[in-house]
Amino acid sequence: MTSGSSDLSLFTSDLFSPCSVDTELPAINSPADLKALPAEQLPALAEKIRQTLIETLSQTGGHLGPNLGVVELSIAMHRVFDTPKDRFVFDVAHQAYVHKMLTGRWDKIGTIRQYQGLNGFCLRTESEHDCYGAGHAGTALGAALGMATARDLNGTDEHVVCVAGDAAFTCGPVFEALNNVAAHTKKLIIVLNDNEWSIDRNVGAIAKYFTSIATHPGFASLHQKAAKFVEFVLGHDARKLAKKAEDHAKGMILPQSATPANRSLLFDEFGIRYYGPIDGHDVALLIQTFEFLKTQDEPVILHIITEKGRGYKPALEDPGKFHGLGKYNIETGETPLANKPTYSQVFARTVTDFAKEDTKIVAITGAMPGGTGLSVFKKEIPERYFDVGIAEEHAALFACGMSTSGLKPFLTIYSTFMQRAFDMIVHDMALQNLPVRLCMDRGGLSGDDGPTHHGLFDIAYLRGVPGIVHMQPRNEDEFVDMLWTMANYDKGPIAIRYPRGNGPGVTPKDKPILLDIGKAEVVADGSDIALIALGDMFPVAEAAKKLLEEKGLNVALINPRWIKPLDGVCIESYAKKVKVVCTLEDHVLHNGFGCGVIEHLNDAGIKTPVVRIGWPDEFIEHGTIPILRQKHGLTADNCVARVMAALG
């Protein structure tokens with residue numbers, strides 16, 4: 001699909017004619033309202049949805065590009081099927097804003113990703129139309145298959161529709177589900193939404209395979225089912241299909257070789273009937289196609305071609321940026337410039353510079369060069385940059401293999417996504433003492449992304465792994481020192497967690513230094529209270545120290561640096577001389593950093609009370625970090641109150 005040309009309106013692409021929004025369209029407060037709308041008004045509805053999204057998300061931020069690409073698809077699905085009885089399972093579900101608007105939440109779309117507003121993903125507790133929650137890629141097909149199988153066992157007749165982007169098919173769980181579809185159900189509709197992008201442009205053999213399907217010139221030797229489909233949608237003359245495909249990139253093409261041995265598509269081998277590709281922006285064709293597919297008593301997959309960012313020129317020109325972003329200027333698409341670099345940007349610039357001096361350093365990510373900042377490395381050292389797609393388990397094993405051959409892999413994945421590679425971290429990295437560098441971006445609360453993206457569990461899942469080193473910096477300068485230490489560490493796996501967004505703004509020194517592993521930094525001595533604050537909770541501890549000193553207390557302030565190994569000598573020495581120890585962490589309290597301190601002191605026979613400040617044993621909702629910290633007590637005031645209570 002081609003992107004918008006420069007002479008077109010800001011709100012159109014070259015595949016969507018300019019049209020004004022029909023302000024007389026009736027309100028769509030439910031799928032029933034959509035079904036009552038005359039068919040000729042559906043294109044105007046699509047344009048109204050797009051303009052609403054463009055205007056709204058400019059103020060709230062969000063996943064604009066993916067949602068602009070699925071407007072017609074969402075309309076067609078709700079036109080044909082009947083939720084909540086019928087079930088829609090969206091992979092990741094970042095592209096479900098339109099679904100939300102069509103299911104009674106249009107008037108709340110302005111609260112998307114805001115505290116106590118609509119979640120940015122599907123949420124079962126938000127609406128009966130959201131049958132399955134999501135946020136990570138590759139989960140939808142397995143869940144949809146489970147629903148379809150349960151339907152068959154229960155003897156009910158609801159339809160189950162799974163919507164997954166082409167990037168999801170790089171995930172192992174998708175292929176595991178594909179391998180079981182035909183064995184477990186006779187009725188399931190899978191929509192392959194092909195826009196060639198996940199967050200960044202898709203990579204690898206699967207992406208090339210889908211491209212070959214979408215661009216295949218032939219459509220001879222149609223299956224009997226395919227012929228029936230052609231007749232249903234377009235009438236008896238199948239040549240009309242060819243003309244549409246030729247003239248408008250529409251129609252149903254079944255790419256098969258004339259050689260019998262090469263006839264089957266990938267999906268045919270899994271026992272799933274393939275239809276497509278068709279134009280995912282032709283709402284009438286989509287409606288007709290779904291009407292046909294819902295009559296089929298076999299698993300089917302519909303391949304649609306869509307345009308990420310459709311209808312908004314800036315999003316067409318930069319799909320990666322508009323996958324998910326904060327507030328932006330509608331006229332230009334520009335976002336506010338930050339006055340200091342983010343941790344991701346510092347990371348990428350630093351590792352890229354290290355790699356220019358050390359040819360053993362390689363960078364690996366999973367479909368996130370933009371989010372992790374590694375687009376810099378990709379541009380400047382492309383031969384040592386590896387994007388494996390949404391395949392975290394493979395990424396970890398790939399890094400392990402590289403490390404056995406003397407390379408220094410920096411495996412850069414969000415904390416919440418690194419969970420998926422846990423078995424590889426234990427079984428392949430740690431057990432073999434392989435020096436893989438685990439760089440966990442978004443370590444801590446991820447704010448408006450919500451519970452599926454908060455990085456609040458990595459300390460817990462790494463703390464029990466023998467031999468692993470784990471750390472967190474309190475500022476950008478220390479961050480660079482830690483990265484330098486990682487680059488020069490070869491005794492086994494070593495991990496770092498760092499938060500989303502900006503740090504305090506400390507400029508790194510010209511030449512980084514090697515840090516002593518397991519050695520904390522005592523920032524201020526004290527004899528009454530010891531505050532041990534990890535990473536981005538250090539400013540909270542500084543504020544708490546000031547408040548406690550105003551009460552006449554002498555307060556020690558310690559930057560632990562190391563989650564594992566702990567600086568036992570430092571912790572014990574202060575626990576022996578103060579009345580209360582207080583730990584602060586941007587992580588769940590259960591099995592977190594504070595637990596490690598308590599365990600260490602218990603083993604040493606030291607009975608000093610330990611107060612822990614961190615996130616409670618629950619999934620934290622979405623919202624801004626200040627609001628959520630205030631609500632859950634990760635504040636200087638609460639720290640002081642807890643410490644004073646412990647003093648008695």
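Numbers here simply count residues along the sequence, with the first being 1. Keep in mind the model is a prediction, meaning the values are calculated, not measured.
Applying the ring pair (Phe, Tyr, Trp, His ring centres under 6.0 Å) definition to pairs two or more places apart or across chains, those involving residues 38-74 are H63-H94, H63-F121, H63-H323. Applying the salt bridge (charged side-chain N to carboxylate O under 4.0 Å, His left out) test to pairs two or more places apart or on separate chains, those with a residue in residues 76-90 are K35-D82, K85-D157.
In this model, a donor atom of one side chain and an acceptor atom of the other lie less than 3.5 Å apart for T185 and R151. Side-chain contact annotation: D441 with T372, donor-acceptor N/O pair under 3.5 Å absent. H454 and D449 are not linked by any side-chain donor-acceptor pair at a separation below 3.5 angstrom, with hydrogens and angles left out of the test. Counted by atom type alone, H136 and T452 present zero donor-acceptor pairs between their side chains at under 3.5 Å. There is a side-chain donor-acceptor pair under 3.5 Å between H99 and H78.
For the pair D130 and R105, the salt-bridge criterion is met [side-chain N within less than 4.0 Å of a carboxylate O]. Ion pairing of K186 with D152 is absent here, as no side-chain N (NZ or NE/NH1/NH2) approaches a carboxylate O to less than 4.0 Å. A salt bridge is defined here as a Lys NZ or Arg NE, NH1 or NH2 lying under 4.0 Å from an Asp or Glu carboxylate O, and R50 with E72 meets this definition.
Contact check for K327 versus S58: no side-chain heavy atoms found under the 4.5 Å cut-off. At a threshold of 4.5 Å between non-hydrogen side-chain atoms, the residues V71 and R310 do not count as touching. L37 is listed as a side-chain neighbour of P26, based on a closest heavy-atom distance under 4.5 Å. Under the 4.5 Å side-chain criterion, counting only non-hydrogen atoms from C-beta, I189 is in contact with F81. Residues I620 and E618 form a side-chain contact, since some pair of their non-hydrogen atoms from C-beta on lies under 4.5 Å apart. Counting heavy atoms from C-beta on, the side chains of M77 and V163 come closer than 4.5 Å. V191 places none of its side-chain heavy atoms less than 4.5 Å from the side chain of C162. Between N591 and Y461 there is no side-chain heavy-atom pair separated by less than 4.5 Å.
Considering only residues two or more places apart in sequence or on other chains, Q419 meets the side-chain hydrogen bond (donor to acceptor under 3.5 Å, both in side chains) condition with none of them. Every side-chain hydrogen bond (donor to acceptor under 3.5 Å, both in side chains) that E621 has, sequence neighbours left out, goes to K631, H632. Residues satisfying the salt bridge (Lys or Arg N to Asp or Glu O under 4.0 Å) test with R497, not counting sequence neighbours, are D458. Every side-chain contact (heavy atoms from CB on, under 4.5 Å) that H427 has, sequence neighbours left out, goes to D423.
A distance of 6.5 Å separates CG of L141 from CG of L145, quoted to the nearest 0.5 Å.
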task = Evaluate the side chain to side chain donor-acceptor pair (under 3.5 Å) criterion for residues H129 and T83: first the C-alpha distance (whole Å), next the side-chain angles of each, then the deciding distance (0.1 Å), finally the verdict.
result = CA-CA 6 Å; H129 297 276; T83 61; 2.8 Å; yes
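Between F88 and Y132, the distance separating the two ring centers is not shorter than 6.0 angstrom.
Of the possible donor and acceptor atoms, one in the side chain of Y312 sits under 3.5 Å from a partner among the backbone N and O of I330.
Aromatic ring orientation, Y414 versus F417: parallel (interplanar angle below 30°, classes split at 30° and 60°).
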